[in-house]
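Read through the structure below, which is laid out as structure tokens, and then see the notes.
Sequential numbering from 1 along the given sequence is applied to the chain's residues.
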Amino acid sequence: MARRLSPVELDFVESAPLRLVFSAEVSASPGAVYRALAEDVAGWPSWFTAVTSATSTGGGAGREIRLRGGIFFTEKIMAAEPDERFAYRADETNAPGLRALLEEWRLTPTATGTRVRWTFAADAPAPMRIALRLGRAGLGASFRGAVRHLDRRLARSGAQ
């Protein structure tokens, strides 16, 4: 059953009770990475293996995301700054315990490509926050694997 989450704003990425931040470098340009994140919504399952389906909604103002295990999110795009930042807030989910969730992807050019930084900002009761902190290694591994897959996908397509 879907539940509404708190409608947090962009500043939540800095003030959330739980912030998990991960980063990795890719050889693709910030523009290519941004297009994969923000414009090729349906392509997410091809590089982020936790995602089973991704659909753009509201003319690009939102997304519907389904994850392995049956978890889903209805999201609102909060920031779409080409080559720099892509952020979205979860408005509805069937994930137990979450009260608020905002994810931000920051892109920074490097000498050889792009540094990708993903911030997972959440609010949940203390036991859920503890569980998420304990799951940090798994989330980090999922992120790093997704970024590696994305980099290979972009290299194969010639998107630089």
Side-chain angles (χ1 to χ4, degrees), residues 1-8 10-28 30 32-38 40-56 62-79 84-108 110 113-156:
M1 171 175 280
R3 293 177 301 97
R4 296 265 325 140
L5 300 181
S6 295
V8 296
L10 278 172
D11 62 348
F12 187 71
V13 79
E14 297 298 332
S15 65
L18 174 70
R19 292 179 67 247
L20 302 175
V21 182
F22 307 95
S23 66
E25 287 197 29
V26 297
S27 58
V33 176
Y34 178 83
R35 285 187 295 279
L37 291 171
D40 184 16
V41 175
W44 276 59
S46 69
W47 57 270
F48 207 135
T49 59
V51 177
T52 60
S53 75
T55 307
S56 183
R63 309 181 322 165
E64 289 181 359
I65 302 292
R66 295 201 175 274
L67 304 178
R68 294 195 189 287
I71 300 293
F72 72 86
F73 296 96
T74 301
E75 300 171 341
K76 177 181 178 181
I77 307 303
M78 301 296 290
E84 294 178 20
R85 175 165 73 154
F86 182 62
Y88 43 88
R89 164 184 86 202
D91 286 338
E92 291 184 348
T93 187
N94 63 345
L98 283 178
R99 291 191 284 235
L101 176 64
L102 184 106
E103 297 179 45
E104 178 188 64
W105 297 75
R106 285 273 186 180
L107 309 174
T108 306
T110 66
T114 304
R115 172 160 290 285
V116 180
R117 186 182 78 192
W118 175 52
T119 302
F120 179 93
D123 184 20
M128 179 68 167
R129 288 196 315 265
I130 291 167
L132 286 167
R133 280 190 186 99
L134 291 173
R136 178 179 173 62
L139 276 173
S142 179
F143 164 76
R144 286 185 301 278
V147 170
R148 274 193 313 273
H149 288 122
L150 176 60
D151 199 28
R152 283 195 293 264
R153 181 175 192 251
L154 293 173
R156 280 194 309 271

NZ or CZ of Arg63 within 45° of Tyr88 ring axis and under 6.0 Å: yes

Asp123 vs Leu18 side-chain heavy atoms within contact, under 4.5 Å: no

All pairs passing side chain to side chain donor-acceptor pair (under 3.5 Å) where residues 41-51 contributes a residue, at least two apart: Ser46-Arg153

Atom of Val13, atom of Leu102 and distance for their closest heavy-atom approach: CB-CD2, 3.7 Å

CG on Leu5 to NZ on Lys76, rounded to 0.5 Å: 14.0 Å

Pair Phe86 and Trp105, ring centroids less than 6.0 Å apart: no

Between CG on residue Leu20 and CZ on residue Arg129, distance to nearest 0.5 Å: 12.0 Å

From CA spacing to verdict: side chain to side chain contact (heavy atoms under 4.5 Å, CB included), Arg35, Asp40: CA-CA 6 Å; Arg35 285 187 295 279; Asp40 184 16; over 6 Å; no

Worked check of side chain to side chain contact (heavy atoms under 4.5 Å, CB included) between Val21 and Phe120: CA-CA 6 Å; Val21 182; Phe120 179 93; over 6 Å; no

Distance-only side-chain donor-acceptor flag, Arg115 / Ser23, under 3.5 Å: yes

Where Leu98 and Ala124 come nearest, the two heavy atoms and their spacing: CA-CB, 4.3 Å

Whether Asn94 side chain and Phe72 backbone form a donor-acceptor pair below 3.5 Å: yes

Ala50: partners by side chain to side chain contact (heavy atoms under 4.5 Å, CB included), with sequence neighbours left out: Phe48, Ser142

Arg117 CZ to Phe22 CZ distance, which is reported to the nearest 0.5 Å: 12.5 Å

Derivation of the side chain to side chain contact (heavy atoms under 4.5 Å, CB included) call for Thr119 and Phe12: CA-CA 11 Å; Thr119 302; Phe12 187 71; over 6 Å; no

Thr55 vs Val41 side-chain heavy atoms within contact, under 4.5 Å: no

Contact check, side chains of Leu107 and Leu37, non-hydrogen atoms, under 4.5 Å: yes

Pairwise side-chain contact, Arg89 with Leu10, heavy-atom cut-off 4.5 Å (strictly under): no

From NE2 (His149) to CZ (Arg152), nearest 0.5 Å: 4.5 Å

Shortest non-hydrogen separation from Phe73 to Ala90 and the atoms involved: CD2-CB, 3.7 Å

Main-chain N/O of Arg66 paired to Thr52 side chain as donor or acceptor, under 3.5 Å: yes

Where Ala28 and Thr114 come nearest, the two heavy atoms and their spacing: O-OG1, 2.7 Å

Pair Thr74, Asp91: side-chain N/O donor-acceptor within cut-off below 3.5 Å: no

Side-chain (Arg3) to main-chain (Ala95) donor-acceptor, under 3.5 angstrom: yes

Min side-chain heavy-atom separation Thr93-Leu101 under 4.5 Å: no

Taking every non-hydrogen atom, the tightest pair across Ala100 and Val8: CB-CG1, 3.7 Å

Residues Glu104 and Arg85 bridged, charged N to O under 4.0 Å: yes

Salt bridge Arg19-Glu14, side-chain N to carboxylate O under 4.0 Å: yes

Least distance between heavy atoms, Gly113 atom then Pro30 atom: O-CD, 4.1 Å

Heavy-atom side-chain contact between Val26 and Leu150 under 4.5 Å: no

Spacing of Glu75 atom CD and Glu103 atom CD [to the nearest 0.5 Å]: 6.5 Å

Student check: side-chain heavy atoms of Glu25 and Thr110 closer than 4.5 Å: yes

